[in-house]
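Letters A, B, ... are given to chains in the order of the sequence lines, protein chains preceding strands, and every chain is numbered from 1. It should be emphasised that the depicted structure is a prediction, and the values quoted were computed from it without experimental measurement.
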2 protein chains.
Amino acid sequence: MLTIGKLGIAAGVKVPTIRYYEQIGLLPTPDRSAGNQRLYNAKAQHRLAFIRHARDLGFPLEAIRDLLSLSDTPEQYCAAADVIATEQLSAVKARIARLTALQAELERMITQCAKGTIADCRVIEVLSDHELCGEGHGARTATRCAP
Amino acid sequence: MLTIGKLGIAAGVKVPTIRYYEQIGLLPTPDRSAGNQRLYNAKAQHRLAFIRHARDLGFPLEAIRDLLSLSDTPEQYCAAADVIATEQLSAVKARIARLTALQAELERMITQCAKGTIADCRVIEVLSDHELCGEGHGARTATRCAP
DNA sequence: TCTTGAAGCTATAGGTACTAGAGACATTAG
DNA sequence: CTAATGTCTCTAGTACCTATAGCTTCAAGA
C-alpha cells in the first residue's frame, strides 16, 4: 500500500493533483490508515498512470472519464475509445509537423545570430503559416489545426 | 482592414480571445473605425496566427511573448535573442521527442483496439504502462514518469 | 430610406485543470 | 524522544480562456 506521496512519485503526478482527481471522481476514494492518511493499491496506481498519460496525450478530463467508464464496463464495444484515440493521433501528428518547422527556424536564427543582428527574424512567418496546419481551422481546443 | 470577426475567422481564434490577447498586451491596440470598432491589418493577422499556433503547440503565453519580442525588436543584441531562441529550441525539441513517443503509443492503441470489446482492448493497459512511454515522456517536469 | 438582424462594444462572471498556502495532525529517521 | 518530513482539510489563486448581459454600430434587403 502506497501513501499519496509515494503514489505521486510512482505515477508522476503531484500530490494535490491526486486529491483533485479524487475530488472530481476520477479516482475512487481510497482506504485510509489508522491516522486518516490515504492508502493506495496497485490498481489505483494503474488507474492514475492511465489518467496521467491520457492527459499527456491531450485528452480532456471528460474524455478520460469516458475511457475509464468503458474499461470499467468491459462488455461495451471499444469503438468509442478508438474514435477518441484516432482524433488525438491526427492532432499529435499535426503538432509534430509544426514543431519541426519551428525547430528548423530557431536553429537557423541561432546560427545567424553568430554574425550580427536578427534583422531577418522569421519566427512569426514560420509559425503563422497555415500551410503546416493540415486543413480545417477554427474548431475547438483539442482538435485545432487537425481534421 | 479586417473587423475583429473576420480576423478571428482568418486566424482561427475566437473573438473574445482576440480581445483578451489585446488586454494582456500580446496584441497591440488596433486602430478603430469611426464607430469605435477595431480594425486590423495583415500584420496583426500574421501575429495572431502565430500566437494561435504557438498556443496550439502548448507554449505558455509568456514564452510566446518572448518569441514575439524576437521579431518586435530585431535590432536588439544577438546575445539576448540567442538566449530566448536557445531556450525555446530545447523546449521544442523536448516536445517533439515526447509527441513522437505518444504518437507511437496512440498508433499501437488504435491497432490493438481495432476489433472486439473492451475486454480485449488494451487501451487502458497501454496507456498506463510506463514501459511504453519511450524517451521524452515526462519532459515537462523532472519527476514525472519516475522509475 | 427605413428597418432588422448580425456583428461589434464594455464589463463581469464562470469554467477547466490545476497549484499554492495555512495551520493542524501523523509518521519516521536518528 | 525529538526533529523533520509527510499528510490532512480548506480556501484562494493562477493561466487561459469562454459566456452572458445590455448596449451600439453597420450592412443589406424591402
Side-chain angles (χ1 to χ4, degrees), chain A residues 1-27 29-40 44 48 50-68 88 137-145, chain B residues 1-27 29-40 44-45 48-68 91 138 140-144 146:
Chain A
M1 290 297 235
L2 298 170
T3 61
I4 195 169
K6 300 277 164 46
L7 177 70
I9 290 166
V13 177
K14 287 173 182 166
V15 168
T17 306
I18 298 173
R19 289 196 277 250
Y20 169 73
Y21 286 161
E22 179 186 329
Q23 188 191 313
I24 64 171
L26 271 188
L27 289 175
T29 59
D31 295 336
R32 298 286 182 132
S33 71
N36 198 37
Q37 299 194 349
R38 289 171 179 82
L39 292 176
Y40 296 93
L48 180 58
F50 165 79
I51 295 169
R52 187 250 135 125
H53 286 174
R55 288 293 299 134
D56 242 20
L57 290 166
F59 290 89
L61 290 182
E62 279 315 300
I64 294 169
R65 205 187 287 276
D66 290 347
L67 283 168
L68 285 170
Q88 291 300 321
H137 235 289
R140 70 197 62 208
T141 311
T143 48
R144 286 160 106 186
C145 262
Chain B
M1 290 298 233
L2 298 170
T3 61
I4 196 168
K6 300 276 162 47
L7 177 70
I9 290 166
V13 177
K14 288 174 182 165
V15 168
T17 306
I18 298 173
R19 290 196 277 250
Y20 168 73
Y21 286 161
E22 179 186 329
Q23 188 190 312
I24 63 170
L26 225 49
L27 290 175
T29 60
D31 294 336
R32 299 283 183 135
S33 71
N36 198 37
Q37 300 193 349
R38 291 171 179 81
L39 292 176
Y40 296 93
Q45 183 181 338
L48 180 59
F50 167 81
I51 294 170
R52 199 227 112 140
H53 285 160
R55 285 294 301 132
D56 206 32
L57 294 171
F59 287 95
L61 291 181
E62 280 315 300
I64 294 170
R65 213 185 282 275
D66 286 347
L67 283 167
L68 285 169
R140 220 154 50 199
T141 60
T143 51
R144 297 180 91 176

So what does B:Arg38 touch, heavy atoms closer than 4.0 Å: a base, only the sugar-phosphate, or nothing?
-> sugar-phosphate
Pairs touching residues 2-11 of chain A that satisfy salt bridge (Lys or Arg N to Asp or Glu O under 4.0 Å), sequence neighbours left out | none
Which residue lies toward the 5' end of DNA chain C, A:Gly35 or A:Pro16, if each is placed at its nearest nucleotide?
-> A:Pro16
Taking atom P of C:dA7 as reference, at what distance in whole Å does atom CG of B:Leu39 sit?
-> 16 Å
Out of C:dT27, D:dC17, C:dC9, whichever nucleotide has its closest atom nearest the side chain of B:Tyr21 = D:dC17
What is the distance, rounded to the nearest whole Å, between atom CD1 of A:Ile18 and atom P of C:dC18?
-> 12 Å
Roughly, in whole Å, what's the span from CD1 in A:Ile24 to P in C:dT19?
-> 13 Å
Ignoring backbone atoms, establish whether A:Ser33 has a side-chain N or O less than 4.0 Å from OP1 or OP2 of C:dT27.
-> yes
Output yes when at least one side-chain N/O atom of B:Arg19 is less than 4.0 Å from OP1 or OP2 of C:dC9, else no.
-> yes
Could you tell me whether the phosphate oxygens of C:dT19, OP1 or OP2, come under 4.0 Å of any side-chain nitrogen or oxygen in A:Thr17?
-> yes
Using a cut-off of strictly less than 4.0 Å, decide whether A:Tyr20 has a side-chain nitrogen or oxygen near OP1 or OP2 of C:dT16.
-> no
Over all atoms of both residues, closest heavy-atom pair of B:Gln45 and B:Ala10 = NE2-CB, 3.5 Å
Indicate whether OP1 or OP2 belonging to D:dC17 is found under 4.0 Å from a side-chain N or O atom of B:Arg55.
-> yes
How far does CG of A:Leu2 sit from CZ of A:Arg38, to the nearest 0.5 angstrom?
-> 14.5 Å
Residue met sooner reading DNA chain D from 5', once A:Arg32 and B:Gln37 are mapped to nucleotides = A:Arg32
Touch class at under 4.0 angstrom, heavy-atom based, for B:Leu61 against every strand present = sugar-phosphate
Residues in side-chain contact (heavy atoms from CB on, under 4.5 Å) with A:Tyr21, at least two apart?
-> A:Val13, A:Thr17, A:Ile24, A:Leu26, A:Leu27, A:Leu48, A:Ile51, A:Arg55, A:Leu61
Between C:dC18 and A:Arg52, is there an OP1 or OP2 to side-chain N/O distance shorter than 4.0 Å?
-> no
Here the distance between atom P of C:dC25 and atom CG of A:Asn36, to the nearest Å, is 12 Å
Choosing from D:dC16, C:dG8, D:dC8, which nucleotide comes nearest the side chain of A:Ile4?
-> D:dC8
With respect to the phosphate group of C:dA7, does any side-chain polar atom (N or O) of B:Thr3 fall under 4.0 Å of OP1 or OP2?
-> no
CZ of A:Arg19 to CD1 of A:Ile4, rounded to nearest 0.5 Å, is 4.5 Å
